[in-house]
Amino acid sequence: MAMSRANDAVAAALQEYAELFALDGGDAFRVRSYQRAAKAIAGHPEEVTPENVRAVPGVGEAIARKVEEFLRRGGFRQLDELRARVPEGVRRLVRVPSLGPKTALVLFHEYGIDSPEALAEAIRAGRLTGRKGFGPKTLANLLAGVEHLLEAGSQVHLGVATGLADRVAAALREAPGAGRVAVAGALRRGAETIAEVELLATAADPAALVAVLRGLPYLAEVAEEEPGTASARAADGPRVRLRVVPEESWGAALLAATGSAAHLARLRALAAERGWTLTGQGLYDGGRPLAAATEEEVYAALGMPWVPPELREDAGEVEAALRGGLPRLVTLEDLRGDLHTHTDLTDGVASLEEMVAAAARRGHAYYAVTDHAPDLVMQRMTLEKALAQRERLRRLQAARPGMRLLHGTELNIGPDGSVDWPAEILAGFDVCVASVHSHFTQSPAEMTRRLIAACENPEVHVIGHPTTRKIGKRPPVEADWDAVFRAAARTGTAMEIDSYPDRADLPSDLVRLARRHGVKFAIDSDAHAVPHLAFQRFGVGIARRAGLTPDDVINCWPPERLLAFLRRPGA
DNA sequence: GCCGTTTTCGGCCCGACTGTTTTCAGTCG
């Protein structure tokens, strides 16, 4: 499913406005209004227009007018005014964990601190020591938070990088004389965080492509380093690099631009054993070219089949390829369903009916609705609401014989590993996902016991987003993952690969570890809106990086096998 | 700023945790 770009841009502008409004001391309820509208527009399945935006829930007259102006000229007056009043670095301050708008306001207005860097300097220089509200522990936490933030640098998650790459690639394809355009680098390898979006192209006139980059409003510092090679910086983060190469060496160039450095080093060593050299131009025996036009030819000349980009990390894939033992990696088409999704009964933005219809359009054989459970109090879930939803789902099932609808829930794993409802209630759900949503800072020993206890609960089928990390916002929880995965394998509890791009959880290195323990996986969207159902592509990328096959993934299985795994064979 | 089975004003998702406070403000999910 294609993302509707206008919606994403409008939502980003409203979200920025909400943040700036809060940082300018604006009323908290109005801040929430802008945030709610941004979330609703981002999750709205239709492309927003001046005519239909007023119908989006949470959008009233005032926001509709702002959206209208934004669609006309890419901005609105009130946003321009706030941008002029609140420096960009102050907005970055609230990315520091535990630092919210109120604190940022004090830091900026009373101390002139206008960036995370300036905050670190002020703390180190003792300028905040003794200030009411800033005790020694608070200062130490803030300093650690800033350092964590700056370490992450301009890395962005897959969702942001993919959106940026798609937009730039589409623009390049429109250029006169453009030939091929492909995404390479870490993004092609499916990495969960991206520092640089690398694009490769062929063109009759390389300068025309560089000119396209210069014309894109969301790229800055466009520099042509040599003819046909350019780099730029995207407005909100990563660098963009474009390389225009000759058609005849496309394969060698794509291989070189995709990496990883370690994988390429292995290939070069293999070439060297034969007295050959491998470069971005081709594979050569002295001056004689052996292969260059396609990646397949280059790999074949080195004695192996084409290696999927997600495996190119020098983690054993070269040896496996040489002996013909590459795994049959899971693909998006192998997925037969989704086992973790939300609706507007809790924090989703689409109704049950809309989500089910969208799932059917994706061709799923089964689809689970797993709204939040009561212990996450702000969601205001009750057993009565869950049972009423189950009845609605059963009625929808009658009209959709081609897709099995599963009524599930996303439980909360409490500090001691217990979950929201007793066993007799849980037994009424077709699928129970259990996730950590609180108490993130337990000791590793406590967190390990907690996750193992959840695995040992016979009603729990899947551990949702196991590390609970949020890329760029919250570090993963600390646990003895070997012990957790042993428990998961022993109890037949699947680990989730949550595909939501800022989660990407489990990350691929932990998937690899879990698989060695014999754990099975669920690749879920964790969708909170119709467009989010497409996030599963990111989870598939993580699974492929870990070498997973369809047999490792419970939602690749036929319905009967899945239901047996869920211990609901009669469902 | 949005919204209406409280319907054009007066509410707005609720409670725990943290570090600081000596009774609470800010942040988070």
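Naming convention: chains lettered A, B, ... in sequence-line order (proteins, then strands); numbering from 1 in each chain.
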A:Phe429 six-ring face occupied by A:Arg390 cation (under 6.0 Å, within 45°)
yes
Sticking with atom C1', work out how far B:dG15 lies from B:dG10, rounded to a whole angstrom.
23 Å
Tell me which pairs pass salt bridge (Lys or Arg N to Asp or Glu O under 4.0 Å) where either residue lies in residues 466-476 of chain A, with sequence neighbours left out.
A:Glu192-A:Arg469, A:Lys473-A:Asp502
In whole Å, what separates the P atom of B:dT22 from that of B:dG29?
28 Å
I want to check a possible cation-pi pair here: A:Arg167 against A:Tyr218, using under 6.0 Å from ring centre and within 45° of the ring axis as the test.
yes
Quick test of your reading: applying salt bridge (Lys or Arg N to Asp or Glu O under 4.0 Å), list the pairs with at least one residue in residues 489-498 of chain A, sequence neighbours left out, ordered by first then second residue.
A:Glu456-A:Arg490
Would you indicate which nucleotide in B:dG26, B:dG29, B:dC2 comes nearest to any side-chain atom of A:Leu376?
B:dG29
I'd like the C1' distance from B:dG19 over to B:dC12, given in whole Å.
28 Å
Which whole number of Å gives the distance between the C1' atom of B:dC13 and that of B:dC28?
13 Å
Whole-Å distance, A:Met378 CE to B:dT27 C1', equals 12 Å
Name every residue in residues 24-31 of chain A that has at least one heavy atom under 4.0 Å from any atom of DNA chain B, in order of residue number, or write none if there are no such residues.
A:Phe29, A:Arg30
What is the distance, to the nearest angstrom, from the CD atom on A:Gln379 to the C1' atom on B:dC28?
13 Å
Which whole-number value in Å describes the distance from A:His342 NE2 to B:dC13 C1'?
16 Å
Need one value for A:Phe440: base, sugar-phosphate or nothing, where a base atom within 4.0 Å counts as base even if backbone is also close, heavy atoms only.
sugar-phosphate
Table of protein N/O atoms under 3.5 Å from nucleotides 17-19 of chain B N/O atoms:
residue	atom	partner	partner atom	Å
B:dC17	OP1	A:His439	NE2	3.2
B:dG19	OP1	A:Asn141	ND2	3.1
B:dG19	O3'	A:Thr138	OG1	2.8

With sequence neighbours left out, what residues match A:Glu81 under salt bridge (Lys or Arg N to Asp or Glu O under 4.0 Å)?
A:Arg77
Counting only side-chain N and O atoms of A:Arg380, is one of them less than 4.0 Å from OP1 or OP2 of B:dC14?
yes
Under a 3.5 Å cut-off for both contacts, is B:dG26 paired Watson-Crick or G-U wobble with anything, and if yes, with which nucleotide?
B:dC17
For atom P, what is the distance between B:dG26 and B:dT20, given to the nearest Å?
15 Å
Closest to the side chain of A:Arg474, out of B:dT27, B:dG29, B:dT21, is B:dG29
Tell me which pairs pass salt bridge (Lys or Arg N to Asp or Glu O under 4.0 Å) where either residue lies in residues 104-115 of chain A, with sequence neighbours left out.
A:Glu110-A:Arg131
Starting from P on B:dA16, measure out to CD on A:Gln442 and report it in whole angstrom.
16 Å
For B:dC14 and B:dC9, measure between their C1' atoms and round to the nearest Å.
23 Å
So, does A:Arg32 get its side chain near the phosphate of B:dC13, meaning an N or O under 4.0 Å from OP1 or OP2?
yes
Does any pair with a residue in residues 133-143 of chain A pass side chain to side chain donor-acceptor pair (under 3.5 Å), and if so which ones, sequence neighbours excluded?
none
Any donor and acceptor pair, going by atom type alone, linking the side chain of A:Arg544 with main-chain N or O of A:Val330 inside 3.5 Å?
yes
Please list, one pair per line, the donor and acceptor atoms closer than 3.5 Å that link side chains of residues 30-41 of chain A to other protein atoms, with sequence neighbours excluded.
residue	atom	partner	partner atom	Å
A:Ser33	OG	A:Phe29	O	3.1
A:Lys39	NZ	A:Asp347	O	2.9

Using the test ring-ring contact (aromatic ring centres under 6.0 Å, His included), find all partners of A:His340 that sit at least two apart in sequence or belong to another chain.
A:His342
Measure the distance from CG on A:Leu79 to P on B:dG1 and round it to the nearest whole Å.
14 Å
Spacing between A:Arg131 atom CZ and B:dT21 atom C1', to the nearest angstrom
14 Å
Within residues 51-76 of chain A: residues closer than 4.0 Å to DNA chain B (heavy atoms)
A:Pro57, A:Gly58, A:Val59, A:Gly60, A:Glu61, A:Ala62, A:Ile63, A:Lys66
A:Ile497 and side-chain contact (heavy atoms from CB on, under 4.5 Å): which single residue from A:Leu548, A:Asp524, A:Val540 fits?
A:Leu548
A:Lys473 has an atom NZ; how far is it from atom P of B:dG29, in whole Å?
9 Å
B:dG1 and B:dT8: how far apart are their C1' atoms, nearest whole angstrom?
14 Å
Kindly list each side-chain donor-acceptor pair under 3.5 angstrom involving residues 86-105 of chain A, sequence neighbours excluded, with atom names and distances?
residue	atom	partner	partner atom	Å
A:Arg91	NE	A:Glu19	OE1	2.9
A:Arg92	NH2	A:Glu117	OE1	3.2
A:Arg95	NH1	A:Glu19	OE1	3.4

Tell me every residue that passes salt bridge (Lys or Arg N to Asp or Glu O under 4.0 Å) with A:Arg72, counting only those two or more places apart in sequence or in another chain.
none
A:Arg36 or A:Pro101: which one's nearest nucleotide on DNA chain B is closer to the 5' end?
A:Arg36
Nucleotide B:dG29, atom C1' - distance to CZ of A:Arg469 in whole Å:
19 Å
